[in-house]
Each structure stands twice: as C-alpha cells, then as structure tokens.
Amino acid sequence: MIYRETGTFITSYLEDRKLFPIPFDKWAMAVFMLFMVFVVPFIASDYWLAAHLIPILAYGTAALGLNLLTGMTGQLSLGTAGFMCFGAFFTFNIMLRSPEWMNLPLAMMLAGSVTGVIGIIFGLPSIRIKGFYLLVSTLAAQYFALWFFRSYPYFLNYATATVTLPDHHFDFYGIGDVFGVDMASFEAKYLMSLGVVSALALFAKNLMRSATGRNFMAVRDMDIAASVIGIPVIRTKMLAFFVSCFYCGVGGALFCYAYLQVLGIRTFEMNRSFEILFMAIIGGLGSIAGSFYGTVLVYEFPILFSWAGDYLFGGAFDTAVVDNVAKITYGILIIALLIREPGGLAALWATAKQKLRTWPFPH
Amino acid sequence: MKTKLWITGLAMATAMSATAPVMAEGEVYIPMPVYRVGPYATGGTGYFGGIIDYYTLMNMTEGGVGGMKIIWNECETNYNDQKGVECYHRQKEFQGKQALFFDPLSVGISTSLVAQGRKDKIAIIAVNHGRTEGQRGDVFPYYFMPGINTYDEHSIITAYIGELEGGMENLAGKKIVLLFHGSTYGREAVEFTHMLCEKHNCSSEAIEVPHPGNEQTSQWLKIRRSKPDYVVLRGWGVMNPVAMQTGVRMGFPISNLIGNIWSNDDGDVKPAGSSANGYQAITTHPTGRVAKVIDEIVAKLYDQGQGDLEDKSRIGSNYWNLGVMAGVIHLEAVRVAQARFGADVNSAQVRWGFENLNLDTARLTELGANGLVPEIKTNCMDHVGGHQAKFMRWVYAETKWEVASDWIDGDVELSQAIIDAKAENAIENEGITPRDCNDPAQRDDFDV
C-alpha cells in the first residue's frame with residue numbers, strides 16, 4: 001500500500017532504465033534531498049553539522065569507494081585509509097601551491113585522480129593474486145602512504161605533525177562575500193560535502209548500470225568466465241582500482257577539510273581502514289545506498305550509546321563503563337546482523353521494501 | 001511478553017530522564033574530555049581524576065569558584081583525535097551554558113582545535129605540552145600551555161645531561177638518542193633535539209616507536225647498534241614501562257635513560273618492576289602529598305569515601321598531582337577573570353584570565369598549593385609562563401620518587417627563534433592576523 005505500483009506501466013525502453021522506477025521512491029528521494037539542502041543547514045546546530053553530518057558524508061564517500069572495489073568487483077582491500085591519506089595530502093598541496101584560480105572541489109577532483117593512479121599501481125598485484133593475498137598486498141598501500149608522508153615533510157609544508165587547514169582555502173571566487181556567507185562555516189562545508197557526495201553517489205549508481213558496471217560484477221562473480229566471454233579482466237580490475245581510489249581520495253580530503261580542519265598523518269592509521277571495511281560490510285557489499293547505511297550505523301552507534309548512557313543514568317556510571325559496554329553491544333549487534341542478514345543493512349532494507357510493496361496482503 | 005518488556009523499559013527510561021539535572025543560575029560549566037579506557041588510561045584517569053577532585057573540593061569548601069558552583073560532564077575521547085573533536089563539539093555548550101575552556105590532555109586533540117577554539121572564543125588548554133608555537137599569544141590568542149613547553153622540556157633535559165656529565169662543555173662528542181612516541185605529541189621534539197645537539201656539539205638520532213608502543217625490540221636493537229651515551233624517552237602510556245624493560249634487557253644502563261614529562265608517572269615505572277630502579281625523569285611538580293591542598297582533598301574526599309580515583313594508592317602519583325595542579329591553574333584563571341569582569345564570566349573573559357596568570361609563591365601559599373604548583377606568570381606574548389623544571393629519580397626499594405636536581409631553566413633563547421619562525425609560518429599559511437601585544441588596548445581587550 002505504501003509502495004503503490006498499480007498504474008505504473010513501462011511503455012518504452014527509456015522508461016525501463018529510469019533510476020527510480022517507482023514514482024513514490026522518486027518523490028521520497030526528491031523530498032529527502034530538498035530537505036537536506038534547504039532545511040538542514042538552517043535548523044541543524046554546529047554540533048550536528050560538525051560532529052555528525054559532515055563526518056558521515058566523508059566516511060560515506062570512502063566506504064562507497066571501498067564498496068565499488070570490494071563489493072562490486074570483488075577485490076579485497078585494506079588500503080582505504082592510505083588512499084584517503086593520499087587524497088587529503090594532495091588536496092592540501094594543490095591548494096597550497098597553485099595560483100589563485102584553484103578552488104577546493106576542483107582540487108579534490110585532481111587529488112582524487114592522482115590517488116586513482118596510485119591505486120592502479122597498488123592494484124597491479126590483483127592481476128595475479130586474489131582474495132586474502134590481495135588483502136595483504138593492499139595493506140602495503142596503507143603503510144606506504146604513512147611512510148611516504150612521514151619521510152617527505154615537504155607535503156606537510158614542513159610542519160611538525162599536523163597542519164591547520166586555513167579558512168581561505170574554502171573561498172570559491174569570492175562567492176561567499178557576494179551572498180554574505182562565511183564559506184568556512186559548517187553550513188557551507190556541509191553543503192559543499194553534500195554536493196560532492198551526491199554527485200559521486202549518482203555517478204556510482206549510473207556506473208553500476210552501465211556496461212562497465214556489469215563488467216565489474218562479471219569479474220567479481222568469476223573472472224575466468226568473464227574473460228571467456230570477452231571481458232577485458234585486467235583493464236576492468238585496473239579501472240575498478242582507479243574509481244575506488246578516486247572515491248577514497250575525495251573522502252579523505254573531505255575528512256580533513258570539512259570535518260577535522262587539520263591535516264595529519266595519524267588521522268589515517270590502520271584502524272581507519274578497518275572501520276571503513278566494517279561500514280561497507282555492515283551496510284551491504286555491492287550496494288551504493290548500503291555504504292551510507294553502514295556508515296551511519298558504525299559512526300553513530302558509539303555516540304548514541306554514550307549519549308543514551310549520560311541521559312538515562314545521568315553520569316552514574318563513569319565513561320569507561322559506558323565505553324566498554326558500547327563496544328560489547330556493538331560487537332554483538334554486528335555478529336547478530338551478519339548471521340541473520342549477511343547482505344547487511346541494504347539487504348535488510350530491500351526485504352522491508354518488498355514487505356511494504358505487498359502490505360497489507362503478504363502474497 | 002516481549003512488548004510488555006519493551007514498554008516497561010521505555011517507561012523506566014522516561015522516569016529516569018526526568019531526574020536529569022537542570023542548570024541553575026550561579027553555575028559555571030567546564031567540560032571534561034576524559035580518557036578512562038585504552039592504552040593511555042593511566043594518564044587520563046590520573047590527570048582528570050586530579051582535576052575532578054580539586055573542583056569537588058572547591059565546590060565543597062568555597063562553594064565553587066568566586067561563588068559560582070562548578071559543574072562538569074564527561075566525554076570519553078580514548079585519546080583519539082577524531083573522538084576528541086566530536087567531544088569538543090558536543091561539550092562546547094551544555095544546558096545553555098558555554099564551556100569556559102577545553103583541556104583535552106592531548107597534543108593531537110588540542111592542535112586539531114586551535115582554529116575552532118578561536119572561532120568559538122573558547123580557550124584550548126594543554127598543560128606542559130602542546131603545539132609549541134602556541135606560546136605566541138599574539139598569534140594564537142586562544143591556545144595556552146601553562147607550565148613548560150616541549151622545547152623548554154628538551155632543553156632542560158639536555159642541561160641536566162650536561163650536569164650529569166659535569167658541565168655543558170662535556171656534552172661535546174656525546175651521542176643522544178630520542179626515543180619518541182609515533183604521534184603528533186612525540187614528533188614535536190624531533191627537530192628541536194637535533195638543534196640542541198648542534199648547539200652543544202653532540203650527535204643526535206631520533207627513533208620512532210609506533211603507537212601504542214608495546215613492542216620495542218627492533219628500536220632497542222637499533223639503539224644498541226648506535227651506542228648512545230643517553231637515551232631520552234619521549235613516551236606515553238604503555239610505551240614507558242616497555243621501554244625501560246626492553247632497554248635493561250638489552251644491557252642499556254637505566255641511569256642513562258632520561259624520561260620526559262609524560263614518562264614520569266608512578267604508573268609508568270611500577271609495571272617495569274626492578275628494571276626501573278634509578279630511572280630519572282623531568283617534572284614540573286613533585287609527587288607525594290606535598291601541599292596543603294592535597295591533604296585537604298584526602299581528608300575531605302577520600303577519607304569520606306569520595307574522590308575520583310578508584311585506587312587510593314594513586315593519590316600523590318605524578319599524573320594525579322598534575323591534575324590537581326591543572327585544576328589550580330584552571331580555577332585561578334577563572335578567578336583572575338572574575339576579579340575584572342564579575343562572577344558570571346564567559347569563555348572569552350576566562351581566556352583573558354589565562355593570559356594574566358600570576359601564580360607566585362605568595363599566591364600559591366594562599367591557595368594551599370605551594371610546593372605543588374610551580375611559579376607561572378603568563379602574558380600576551382608568553383602563554384607558557386613557567387619554563388623551568390626539576391628532575392627526580394625512582395627508588396624501587398621504597399617505591400617512590402626522590403628529587404634529583406634543583407630548578408633548571410629552559411633554553412628560552414634557542415627556543416624563541418624557532419617558535420617565532422613557526423608562528424610566522426602560521427601567520428602566512430593559516431591566514432591569521434596577529435594582535436599587537438605592545439598596544440595596551442589590544443593587549444587588554446579580552447574579546448579577540
């Protein structure tokens with residue numbers, strides 16, 4: 001009843017290829033996006049923007065990047081944080097060292113492309129090795145990134161360990177002054193992140209519906225069979241590494257610029273790679289929306305838990321107890337979720353959607 | 001049945017939430033970004049425990065600070081930069097009250113917040129550590145490192161090594177290794193260590209221990225190969241006892257291992273057992289029950305079954321004493337601000353308080369903190385204010401530290417040059433417009 005499909009007839013091939021075949025979906029998405037763009041920046045406090053929405057967008061981009069590689073193309077990777085590190089450092093250096101006309105979104109795209117090329121280099125072993133062995137070789141990217149930026153302080157502009165990212169990097173040809181908006185405010189950063197992430201997500205969605213996306217999935221399902229039917233396996237794998245690392249690079253840049261406002265090496269340590277891998281797995285491998293569901297769950301759960309602990313018990317337990325209980329609960333939740341629904345939150349949502357489509361008649 | 005349970009839970013939650021405290025007038029709010037879990041919990045529980053105990057004592061005996069009750073809430077950071085930033089945004093306002101300042105006890109977190117603190121007009125405090133160029137109050141008006149900064153710390157350590165060698169001229173030809181924690185904090189000293197050795201004609205080498213540092217065999221093998229005369233330990237948390245044990249096992253004399261300001265807690269040396277006997281470390285404050293205020297905390301809190309430390313034997317330990325010292329500095333800044341602006345101060349006014357601290361012996365005696373807190377006098381150009389420290393030596397048999405040196409001054413001349421260069425770099429690259437500290441109007445304006 002909620003998803004009313006009656007009366008929706010597909011009469012042409014073009015209509016069949018629509019992004020949202022169900023009109024309700026289309027309207028719901030439009031309303032959601034309008035709400036995120038026109039309402040959220042005005043009602044959300046700095047805390048909500050700075051500590052929730054912006055990091056979710058940044059993490060989500062990286063999780064989406066990993067998902068394109070691991071979920072869509074079946075190439076396991078543990079180098080995510082390393083690629084984010086490349087993206088963030090290159091963005092900073094492009095902004096720092098290029099003339100006035102450079103702007104941040106463009107710099108992020110350029111840095112993402114360079115990261116993509118680096119991704120191809122680290123993806124080369126995937127031609128010969130698979131699965132866990134590839135996981136280990138992508139780990140090299142993680143350690144290489146940290147070693148590289150530690151060894152060449154040029155990229156950190158000779159600072160000790162962290163650089164504060166200056167506000168004037170957010171300037172977009174003085175457009176902020178015209179409208180009287182502070183481009184370095186959280187509202188502006190949020191909108192910039194939202195714009196970048198929406199564009200990237202839309203691109204990913206369309207990529208997956210194209211011949212390239214089908215090649216990705218063919219390689220994931222069985223690369224020998226794929227090569228037999230004429231899919232260029234090596235090129236597909238390299239392309240997957242490029243696209244994935246592009247996303248991770250942009251995610252890293254957003255993470256530093258929009259969220260932390262500082263650039264440092266320690267931000268991109270090993271555990272960040274695992275965190276993003278969990279986001280992709282919990283959200284649902286092979287699902288674009290799932291990357292964001294997973295991000296929301298993994299990022300928000302500990303905060304929600306500690307907030308609930310404070311609110312319900314008013315500080316009766318010290319933070320150590322709350323923190324440890326949150327970790328235990330989180331672990332149990334993940335195990336339960338993955339046993340009940342290995343497809344992650346995206347599969348859970350698909351099931352719910354199917355139920356809603358037929359409700360109230362189950363058959 | 002399931003539904004019933006659910007409803008009961010909801011009802012309980014609603015009932016409990018009704019008891020949440022409501023902020024009254026006459027209160028000041030100070031956030032407490034603690035870390036009670038993880039590899040650095042010794043530091044976190046000791047330091048924040050000391051602060052909380054001092055605040056509690058003040059609430060009990062003086063009704064707070066300047067007649068305003070002190071309230072605080074905790075947020076667990078895990079000593080993780082990203083979580084610390086989240087905590088800052090969560091805690092910068094609480095029940096309609098603005099945070100007076102933010103003291104996360106982490107170079108990483110405090111450095112991440114330098115620009116944001118200035119935007120929000122909330123001072124970021126980093127006692128005895130921090131981003132060293134933050135000493136320049138004209139460039140970083142909302143950043144404070146009361147006590148000593150990293151450069152002071154390492155020049156004092158070098159001076160002490162000179163003292164052990166019987167004079168600074170004997171440092172020539174000696175080799176010093178800096179064994180540092182692989183973090184923003186650890187890295188802060190690398191460049192300056194090389195500069196110090198250049199000045200005194202010794203050779204230096206910096207070796208990194210990756211976070212958290214519970215395995216250091218390869219680093220110590222490297223140290224053994226390069227045969228240094230001294231190793232300066234710039235550790236943190238679990239890295240410290242592991243360094244002492246591994247070093248001793250590799251045959252390095254413990255008396256030549258000199259600890260820095262975050263490698264000097266009882267919790268660092270006790271796990272190392274007998275290996276730590278004779279280990280020396282720098283400190284700005286003595287350990288033990290050395291001041292009136294500590295006796296008061298013990299009598300009025302711990303003897304009554306209150307107090308924040310779970311393990312009473314940690315009363316008087318280095319980090320806990322540092323916490324009490326930080327509490328004294330915090331509230332003194334609030335009092336200084338209250339003396340000028342009245343009892344209900346805001347965070348920008350407290351910033352002015354931190355900039356005009358004058359903790360001399362007379363004032364410290366008044367506060368009952370003489371013997372614990374070193375003399376600190378800050379101003380617009382100097383957000384550090386102490387610049388001196390002592391050394392202590394661990395006596396394993398008596399499980400206590402003994403004082404090993406008199407007050408030693410930092411090499412302010414050498415550090416000022418590099419601080420100025422870094423501050424200039426920040427002005428250029430971070431788009432900061434510095435104040436003019438010689439202009440009385442700009443100097444005395446609290447709202448910058």
Side-chain angles (χ1 to χ4, degrees), chain A residues 45-52 55 96 146 150 153 157-169 171 182 184-186 255 259-267 269-272 275 299 302-303 306-324 326-327, chain B residues 12-13 16-17 19-21 32 34-38 41 44-45 73-78 80-83 85-93 107-108 111-116 119-120 131-133 182-191 208 210-211 308 310 422 425-426 429-432:
Chain A
S45 64
D46 267 8
Y47 169 61
W48 275 96
L49 291 171
H52 292 270
L96 187 71
L146 300 188
R150 239 167 230 168
N157 201 19
Y158 302 104
T160 322
T162 46
V163 174
T164 306
L165 298 167
D167 283 353
H168 65 81
H169 281 189
D171 185 40
D182 177 9
S185 67
F186 287 115
F255 197 81
Y259 173 40
L260 286 182
Q261 304 162 73
V262 287
L263 178 67
I265 299 161
R266 238 194 118 215
T267 313
E269 273 182 352
M270 191 60 223
N271 53 357
R272 183 92 53 225
E275 218 175 351
Y299 183 78
I303 299 176
S306 75
W307 177 84
D310 278 358
Y311 191 72
L312 293 183
F313 306 114
F317 293 104
D318 74 24
T319 53
V321 177
V322 176
D323 206 65
N324 286 330
K327 278 181 187 139
Chain B
M12 272 173 69
M16 280 179 175
S17 65
T19 59
M32 205 71 73
V34 298
Y35 39 101
R36 293 181 185 276
V37 289
T45 47
N73 65 351
E74 290 190 9
C75 182
E76 172 70 41
T77 69
N78 289 178
N80 172 323
D81 299 358
Q82 178 215 336
K83 279 195 174 176
V85 172
E86 197 267 326
C87 280
Y88 169 82
H89 286 296
R90 192 185 328 178
Q91 292 187 304
K92 73 182 178 193
E93 219 184 275
V107 180
T111 310
S112 303
L113 291 170
V114 173
Q116 190 60 38
K119 271 187 204 169
D120 295 332
R131 180 182 171 185
T132 316
E133 61 266 37
S183 63
T184 315
Y185 143 74
R187 221 160 269 285
E188 189 76 24
V190 175
E191 191 186 358
E208 176 173 344
H211 149 94
D308 192 67
E310 277 170 27
K422 290 196 170 209
N425 189 341
N429 289 313
E430 292 171 26
I432 298 171

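Proteins get letters first, then strands, A, B, ... in listed order; numbering begins at 1 in each.
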Q. When only pairs under 4.5 Å are counted, which of Asn324(A), Ile303(A), Leu96(A) shares the most heavy-atom pairs with chain B?
A.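 Most heavy-atom pairs within the cutoff with chain B belong to Ile303(A).
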Q. Heavy-atom distance under 4.5 Å to chain A: side chain of Gln91(B), backbone, both or neither?
A.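 Interface part for Gln91(B): neither.
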Q. With side chains defined as the heavy atoms from C-beta onward, is the minimum distance between Glu133(B) and Asn425(B) less than 4.5 Å?
A.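 No; the side chains remain at least 4.5 Å from each other.
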Q: Using non-hydrogen atoms and a 4.5 Å limit, figure out which bit of Ala184(A) sits close to chain B: side chain, backbone, both or neither.
A: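 Contact with chain B is through both the backbone and side chain of Ala184(A).
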(Q) Heavy-atom pairs under 4.5 Å with chain A: which of Asn78(B), Ile432(B), Thr132(B) has the most? (A)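 With the most close heavy-atom pairs to chain A, the winner is Asn78(B).
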Q.
I'd like to know if Glu275(A) pairs up with Arg272(A) as an ion pair, taking the criterion as any Lys NZ or Arg NE/NH1/NH2 lying under 4.0 Å from an Asp or Glu carboxylate oxygen.
A.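 Result for this pair is yes, salt bridge flagged.
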Q: Check each atom of Leu165(A) against the heavy atoms of chain B and say whether the ones under 4.5 Å are side chain, backbone, both or neither.
A: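 For Leu165(A), no heavy atom lies under 4.5 Å from chain B.
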**Q.** side chain to side chain contact (heavy atoms under 4.5 Å, CB included) between Tyr47(A) and Glu93(B), intermediate numbers included
**A.** CA-CA 9 Å; Tyr47(A) 169 61; Glu93(B) 219 184 275; over 6 Å; no
Q: Check salt bridge (charged side-chain N to carboxylate O under 4.0 Å, His left out) between Asp46(A) and all other residues, then give those that pass, not counting sequence neighbours.
A: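 Salt bridge (charged side-chain N to carboxylate O under 4.0 Å, His left out) list for Asp46(A), sorted by chain: Lys92(B).
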Q: Report the option among Val37(B), Val114(B), Val85(B), Val190(B) that has the most heavy-atom pairs separated by less than 4.5 Å from atoms of chain A.
A: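 With the most close heavy-atom pairs to chain A, the winner is Val37(B).
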Q: Output yes when Glu310(B) and Arg36(B) qualify as a salt bridge under the 4.0 Å nitrogen-oxygen rule, no when they do not.
A: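 Looking at Glu310(B) and Arg36(B), the cut-off is not met.
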**Q.** With sequence neighbours excluded, residues passing salt bridge (charged side-chain N to carboxylate O under 4.0 Å, His left out) with Glu208(B)
**A.**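 Here the qualifying residues are Arg150(A), Arg187(B).
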**Q.** Contact class of Tyr158(A) relative to chain B, heavy atoms under 4.5 angstrom
**A.**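 Neither the backbone nor the side chain of Tyr158(A) comes within 4.5 Å of chain B.
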Q.
Taking side chain as everything from C-beta outward and backbone as N, CA, C, O, which of these in Asp308(B) sits under 4.5 Å from a heavy atom of chain A? Side chain, backbone, both or neither.
A.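 Neither; nothing under 4.5 Å.
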(Q) Below 4.5 Å, heavy-atom pairs only: which of Glu191(B), Lys83(B), His211(B), Glu76(B) has the largest tally toward chain A? (A)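 Result: the option with the highest number of such pairs is Glu76(B).
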Q) Can you say whether Asn157(A) sits under 4.5 Å from chain B via the side chain, the backbone, both, or neither, judging by heavy atoms? A)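 For Asn157(A), backbone and side chain are both near chain B.
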Q) Is there a side-chain contact between Asp167(A) and Lys119(B) (heavy atoms, below 4.5 Å)? A)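 Yes; the side chains approach each other to less than 4.5 Å.
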